[in-house]
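These numbers come from the heavy atoms of this one structure, side chains and all, not from hydrogens, waters or symmetry mates.
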Amino acid sequence: MTETQALPPTTRTPATPATPEQFVSVQHFLNRQMQLLDDGRAADWAATFTEDGVFAQDTRPEGRRGRAVLAERMEHHVGVIAARGLTRRHWIGMLSVEQDEDGAEQGRVRARYYAIVVDTPADGEAGLHLSTVCDDVLVPAGESWLVAHRYIHHDNHRP
Amino acid sequence: MTETQALPPTTRTPATPATPEQFVSVQHFLNRQMQLLDDGRAADWAATFTEDGVFAQDTRPEGRRGRAVLAERMEHHVGVIAARGLTRRHWIGMLSVEQDEDGAEQGRVRARYYAIVVDTPADGEAGLHLSTVCDDVLVPAGESWLVAHRYIHHDNHRP
Amino acid sequence: MTETQALPPTTRTPATPATPEQFVSVQHFLNRQMQLLDDGRAADWAATFTEDGVFAQDTRPEGRRGRAVLAERMEHHVGVIAARGLTRRHWIGMLSVEQDEDGAEQGRVRARYYAIVVDTPADGEAGLHLSTVCDDVLVPAGESWLVAHRYIHHDNHRP
């Protein structure tokens with residue numbers, strides 16, 4: 001799965017777009033998930049991944065796997081940002097959602113979106129910090145979703 | 001109501017997410033509302049609040065109440081921005097919408113979202129100016145919504 | 001059509017908002033379209049316009065017309081950005097969608113949204129480059145849309 005996702009989008013075969021209902025519920029899920037992160041709720045954030053969910057980045061391609069590991073790493077990361085006196089906001093946009101050919105029978109979808117990070121110091125001006133593109137594999141969970149696999153491409157990282 | 005909204009989100013009890021239909025119509029409403037603001041239509045913007053709607057910020061917690069007051073203050077504010085030669089755009093994102101426990105029978109919802117301000121001077125470069133988080137209480141109005149209460153948390157303001 | 005679109009929004013007559021289904025599918029269409037652009041797929045991007053679709057800007061009001069012309073110009077533009085070593089992302093937001101009075105029987109809609117450009121150099125920091133407002137006329141095409149007319153207002157361009 002990792003190898004497939006790391007391919008540039010132009011080499012992926014065209015896929016079936018998600019239904020409007022899937023598009024809207026994925027958008028709502030991702031918005032709520034990013035708010036958990038920015039509120040510093042590392043364990044609640046990790047619980048939005050599957051039990052063995054993967055979080056990988058092109059700057060660290062081996063990835064992290066499993067809720068316990070993700071929560072521990074994010075807890076650390078949240079502390080680093082707070083120690084630097086910053087309020088961090090993750091913004092996502094340009095979401096597109098497609099049926100996942102390999103997991104269509106389980107209702108699995110692929111989401112692709114842009115993400116930027118906006119940092120604000122105390123009494124300071126907001127600043128744009130980072131621009132990325134994210135590729136998610138999402139599995140249905142009740143009325144919402146869980147992240148099975150997330151791969152983040154950093155715009156300042158050239159392969 | 002003000003006191004409840006000023007609580008940090010982590011201390012709020014978990015709530016029932018809005019339906020997809022509510023999520024979409026709140027998003028459309030907020031987008032249109034911000035366009036009115038940026039188009040300098042202060043009276044039309046104020047009319048998107050309830051008659052006694054409240055606009056409060058952590059930098060000015062006493063708040064403003066009522067369409068006439070909101071329109072007058074926004075008219076002034078629009079003039080200040082224009083006098084500085086800026087084109088101002090309010091962007092919102094990361095919207096989440098929940099049923100409002102205290103007003104579920106009237107169809108009332110709570111919306112939480114991020115907002116940034118992008119300013120552009122004549123012949124100049126666009127710049128990010130401000131990052132905030134907004135908590136709204138919205139009441140249904142025909143096919144759309146009215147703002148009963150808005151509370152804006154500034155990221156550069158530490159309590 | 002160009003003249004009407006170039007009018008400031010305050011002078012346009014109030015219109016009927018799009019249905020929630022139209023709003024969602026326009027949003028998904030525009031997100032996918034911007035991704036094509038940022039992925040450098042100029043021909044695929046041009047194919048999201050009607051055969052004689054127009055792309056106009058207040059900085060170049062005569063506009064460009066037709067898929068072949070649009071593809072050729074965008075191919076050139078993508079090359080310029082790449083030669084400068086930048087990764088460019090178009091973000092859109094604050095979308096509102098209305099029925100098009102003049103083309104309601106064909107299901108035509110008007111979309112208005114903000115767009116910003118985020119550029120990232122290799123190993124560098126992301127930066128906000130440009131803020132605009134876009135006015136689209138969209139025609140239905142199967143489950144999705146085609147752009148019949150796009151007019152971009154640059155925030156740093158004063159009429």
Side-chain angles (χ1 to χ4, degrees), chain A residues 18-45 47-48 78 81-82 84-95 97 113-131 141-145, chain B residues 7-28 30-31 58-59 86 88-99 109-119 125-136 152-159:
Chain A
T19 65
E21 291 74 20
Q22 287 172 320
F23 176 78
V24 170
S25 79
V26 166
Q27 188 178 30
H28 205 177
F29 165 71
L30 291 172
N31 288 0
R32 295 167 72 90
Q33 188 194 39
M34 297 296 158
Q35 287 194 18
L36 291 176
L37 186 58
D38 294 336
D39 289 342
R41 296 168 63 178
D44 291 339
W45 174 81
T48 61
V78 164
I81 300 302
R84 291 170 57 199
L86 298 173
T87 298
R88 172 159 290 185
R89 304 286 172 203
H90 289 80
W91 281 68
I92 69 171
M94 313 319 292
L95 173 67
V97 188
Y113 51 93
Y114 298 173
I116 52 174
V117 171
V118 175
D119 282 340
T120 307
D123 302 316
E125 286 276 299
L128 184 55
H129 172 62
L130 196 66
S131 170
E143 301 279 302
S144 189
W145 302 87
Chain B
L7 287 176
T10 46
T11 65
R12 291 191 299 182
T13 50
T16 309
T19 66
E21 291 73 21
Q22 287 173 320
F23 176 79
V24 170
S25 81
V26 166
Q27 188 178 30
H28 205 177
L30 291 172
N31 288 359
D58 53 6
T59 51
L86 297 174
R88 172 160 290 187
R89 303 287 173 204
H90 289 80
W91 282 68
I92 68 170
M94 314 317 295
L95 173 67
S96 66
V97 188
E98 298 172 346
Q99 312 298 339
V109 297
R110 286 173 179 268
R112 187 168 193 259
Y113 51 93
Y114 298 173
I116 53 175
V117 172
V118 175
D119 281 342
E125 286 275 299
L128 184 55
H129 172 63
L130 196 66
S131 170
T132 66
V133 176
C134 305
D135 278 307
D136 278 7
I152 302 176
H153 310 260
H154 290 246
D155 282 349
N156 63 3
H157 178 80
R158 301 295 191 273

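- Of the listed residues (A/H90, A/R88, A/Q27, A/E143), the greatest number of heavy-atom pairs within a distance under 4.5 Å of chain B belongs to A/Q27.
- With a 4.5 Å cut-off on non-hydrogen atoms, A/L36 does not touch chain B at all.
- Side-chain contact check for B/S131 versus A/E125: every heavy-atom pair is 4.5 Å or farther apart.
- Counting only heavy atoms from C-beta outward, the side chains of B/I116 and A/W91 approach each other to under 4.5 Å.
- For chain A, the nearby part of B/V133 is the side chain; its heavy atoms alone come within less than 4.5 Å.
- From B/H154, atom NE2 reaches atom OG1 of A/T120 across 11.0 Å, with rounding to the nearest 0.5 Å.
- Heavy-atom minimum distance, A/V24 versus B/V24: CG2-CG2, 3.6 Å.
- You'll find the side chain of A/N31 reaches within 4.5 Å of the side chain of B/F23, heavy atoms only.
- B/S96 is listed as a side-chain neighbour of A/Q35, based on a closest heavy-atom distance under 4.5 Å.
- Between atom CE of residue A/M34 and atom OH of residue B/Y114 there is a gap of 9.5 Å, rounded to the nearest 0.5 Å.
- Separating the NE2 atom in A/H129 from the CG atom in B/L128 is a distance of 13.5 Å, to the nearest 0.5 Å.
- Side chain of B/N156 to main chain of A/G124: a donor-acceptor pair is present (N/O by atom type, distance under 3.5 Å, no hydrogens or angles).
- At least one donor-acceptor pair under 3.5 Å links the side chain of A/H28 to the backbone N or O of B/V97.
- Side-chain contact between B/M94 and A/R89 is absent, with no heavy-atom pair separated by less than 4.5 Å.
- Counting heavy-atom pairs under 4.5 Å between each of A/S25, A/P121, A/G93 and chain B puts A/P121 at the top.
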